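Written out below as structure tokens is the structure these notes cover.
Below, chains carry the letters A, B, ... as their sequence lines are ordered, and counting in each starts from 1. Because the structure is a prediction, the values reported are computed rather than measured.
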Protein chains: 2
Amino acid sequence: MAITLKEVAERAGVSRSAVSRTFTDGASVSEKMRRKVEKAARDLGYSPNALASSLTTGRTKLIGLISNNFHNPIFLQVFDLFTRGLQDRGLRPLLVNLSDETDPEASVRMLRQYSVDGAVVASSTLSPEFAKAFRDAGVPVVHSFGRHSSTPQVHVVGIDNVECGRMAARTLVERGYKRIGFLGGPQNATSTQDRFSGFMSELEKVRGLTLSHSFAEAYSFNAGRAEMMRLLGSKPAEAYFCGDDVLSIGVLSAISESGLSVPGDIGLIGLNDMEMAGWQNIDLTTIHQPIRQIVNSSIELMVAMLDEPDRYPEARIFPCSIVERGTLRPLGF
Amino acid sequence: MAITLKEVAERAGVSRSAVSRTFTDGASVSEKMRRKVEKAARDLGYSPNALASSLTTGRTKLIGLISNNFHNPIFLQVFDLFTRGLQDRGLRPLLVNLSDETDPEASVRMLRQYSVDGAVVASSTLSPEFAKAFRDAGVPVVHSFGRHSSTPQVHVVGIDNVECGRMAARTLVERGYKRIGFLGGPQNATSTQDRFSGFMSELEKVRGLTLSHSFAEAYSFNAGRAEMMRLLGSKPAEAYFCGDDVLSIGVLSAISESGLSVPGDIGLIGLNDMEMAGWQNIDLTTIHQPIRQIVNSSIELMVAMLDEPDRYPEARIFPCSIVERGTLRPLGF
DNA sequence: ATTTACTTTGCAACCGGTTGCAAAAATACT
DNA sequence: AGTATTTTTGCAACCGGTTGCAAAGTAAAT
């Protein structure tokens, strides 16, 4: 079906090596030869088979892009940035949806069968061990949005979720809230755990507060809404730090449905600063996570690792910042 | 680095063919041989190189998944469904983000270099010609969410956008709206054109209406909001058919910001029935597009085409239906 | 015009598998 | 037991490329 190198060589009346060389940059080919080969290739509509060449070069330019988060709209942006960034560098994302199974071995095996040059794990919920399985199998890996550790086993690019928790705590205290709640995402997500621990550790330093916490079943609108509905059944807190924006939006919906107002009756702060948080009918005060920077840095790291597979693992942590909108009462009440 | 067939063969003391056969189902291998080889393979941690075998078998199990719509949250669901569906059938999605360039040739070339077994074009804005470029290059292709044509050149799975336009028109007329507007997505998107033509052709049959139309710059919240803001500058229509839900939500935001109410002052009907449309603080009346069915059918079609590449092109059109929520005044005013 | 140095080219082996074919082994039939 | 049939196995060529090496060709230096 497809044209092969051999056919081009025959048509141009040269050896197969010559053809190969004209399509390999850095190889030694005279101008004359190159023109002859290119002409023949053009006539025949030849384009080299990347997979065949990967066999000898050991590079496929395929990068596994692994995620289990196909329900949080913010990940659409993440995929957009990753795919474009990788493409711009001549790399091809092989997408792996982990929503059903979370067995690292199966993914590792599959990606090794396709000889990916590297793997990006884009998930704030998977454990560092997951990413480590790739490293152990000799596949360069970057864990984006992963848990920050002082002794990282794999490259991690993301934010300091513990610090974000503290930041949210300080903000709520500053606004004079006394009865404060944590409404997190799934309890087994590393990001939830870290945000929770940072949030609580900061609040425990302050006297005279009433603290509560609960967890939604997923990072999704419906889960947030359901959990808030439940909380509204008994006496809710004055303000909540919500695990994530999409959760917050569900929470807002529950609050407004029950006839209460934000921030009049209940204050709310989210995390992510997704596009929707800025929509006028939502107007959510939240903590901005620099998605773009995280993705770009992840890609740069991945590219660096292709040349230097045993690069010493590092954690790249980007600062977050509060974006003030309309769901918290103002300073100095 | 990785273990090869040859090493397994040596350890098991058999020929390379024998090893190959134990990993190819349907091949003739005795039980004894199989056990011996599997043992050696397990000891060594061998897993076959899918790309090397693709060289002789001509199958990579790679499927190009091409889209240019990374800003509409509905596509996150589309990607979720596609990736899982393909994975479940042992196929691997190679994701191509077309946001920057729309040159079919470049994508075709790239996907041919990776010898994909097929390509899915998931886009409601790309023209049929785009998908046809794959077919012409001998790559089996399915255009999901593509333009419906009575003489399809490639397999298309989606909805009848013209009919959706008509449906929206009938609904608005039925509710007694007289000044009616079309607020579409980008004018060069095939889905916009078809919805527009259906909508208008139906309305032109009715006497005594005042019609208007305009187009947002993209299928996005901000574009919808901006366009509605502009329309609110002069005298807006009584009701709008909006190109898409995400656009509608932007429109809602603009309306509420300008102090008007929905459906009191302005009625609105969207298209897609994305999850968000059902959120209580949005509550958008819209036309449901059966995403899941479209994706599943696309995958089935693709799988069928892998066995029968020259399958006669067909169009699979799924019916849409109105989902009544709170943005149109009720019947019988 | 030679010799020397560098560039370009083709040969042939290899990457990690698959597969048609014939020999070898196992099984079935007289 | 010997022969016919079926199953299992290995050989060797092939898939579509790359690359080390030596031969051939060019250019520079003497």
Side-chain angles (χ1 to χ4, degrees), chain A residues 1-41 44-62 109-117 138, chain B residues 1-41 44-62 109-117 138:
Chain A
M1 178 76 250
I3 307 300
T4 73
L5 184 116
K6 188 167 146 211
E7 304 175 57
V8 177
E10 277 163 8
R11 177 174 243 260
V14 301
S15 74
R16 291 158 61 226
S17 335
V19 179
S20 173
R21 287 187 178 108
T22 51
F23 287 95
T24 315
D25 36 28
S28 152
V29 219
S30 69
E31 259 316 303
K32 188 154 48 119
M33 169 68 79
R34 148 157 286 127
R35 265 196 297 277
K36 203 164 29 164
V37 170
E38 277 173 348
K39 168 102 171 47
L44 262 41
Y46 168 76
S47 73
N49 181 327
L51 301 181
S53 70
S54 83
L55 216 47
T56 36
T57 61
R59 305 242 112 141
T60 55
K61 304 213 166 211
L62 291 173
R109 202 170 328 119
M110 191 241 109
L111 288 174
R112 287 224 327 193
Q113 291 190 338
Y114 281 84
S115 322
V116 295
D117 288 349
Chain B
M1 181 71 252
I3 307 298
T4 72
L5 185 121
K6 189 169 146 210
E7 304 174 57
V8 177
E10 278 162 8
R11 176 174 244 262
V14 301
S15 75
R16 290 159 60 226
S17 334
V19 180
S20 173
R21 287 187 180 112
T22 51
F23 287 95
T24 316
D25 37 29
S28 152
V29 220
S30 67
E31 261 314 305
K32 189 152 53 121
M33 170 68 81
R34 151 156 283 128
R35 266 197 296 278
K36 204 164 31 165
V37 170
E38 277 174 349
K39 168 104 174 44
L44 262 42
Y46 168 76
S47 74
N49 182 328
L51 301 180
S53 70
S54 83
L55 215 47
T56 37
T57 61
R59 304 242 112 139
T60 55
K61 305 214 162 207
L62 291 173
R109 203 172 324 119
M110 192 241 108
L111 288 175
R112 289 227 323 194
Q113 291 191 339
Y114 282 85
S115 322
V116 294
D117 288 348

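- Between D/dG17 and A/Ser20, no contact under 4.0 Å exists linking OP1 or OP2 to a side-chain N or O.
- The phosphate of D/dT18 (OP1 or OP2) has no side-chain N or O of A/Thr56 nearer than 4.0 angstrom.
- When each of B/Ser17 and B/Leu55 is assigned the nucleotide of DNA chain C bearing its nearest heavy atom, the one mapping closer to the 5' terminus is B/Leu55.
- Sequence order on DNA chain D of the closest nucleotides to B/Arg16 and B/Gly13 puts B/Gly13 first from the 5' end.
- When the side-chain nitrogen and oxygen atoms of B/Tyr114 are compared with OP1 and OP2 of D/dG16, none of them lie within a distance under 4.0 Å.
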- [ ] Test side-chain contact (heavy atoms from CB on, under 4.5 Å) on A/Asn49 and A/Thr4 and set out the steps.
- [x] CA-CA 8 Å; A/Asn49 181 327; A/Thr4 73; over 6 Å; no
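- If you check D/dT8, C/dC21, C/dG16 against the side chain of B/Asn49, the one that comes closest is C/dG16.
- Across all strands shown, B/Val29 has heavy atoms under 4.0 Å from sugar-phosphate atoms exclusively, and none from any base.
- Checked against C/dG10, D/dG16, C/dG17, the side chain of B/Pro48 finds its nearest nucleotide in C/dG17.
- Nearest nucleotide to the side chain of B/Thr57, out of C/dC11, C/dT18, D/dT9: C/dT18.
- B/Arg21 contributes a side-chain N or O that forms a donor-acceptor pair with the base of D/dG10 under 3.5 Å.
- Note on A/Ser28: a base of the nucleic acid sits closer than 4.0 angstrom, heavy atoms only.
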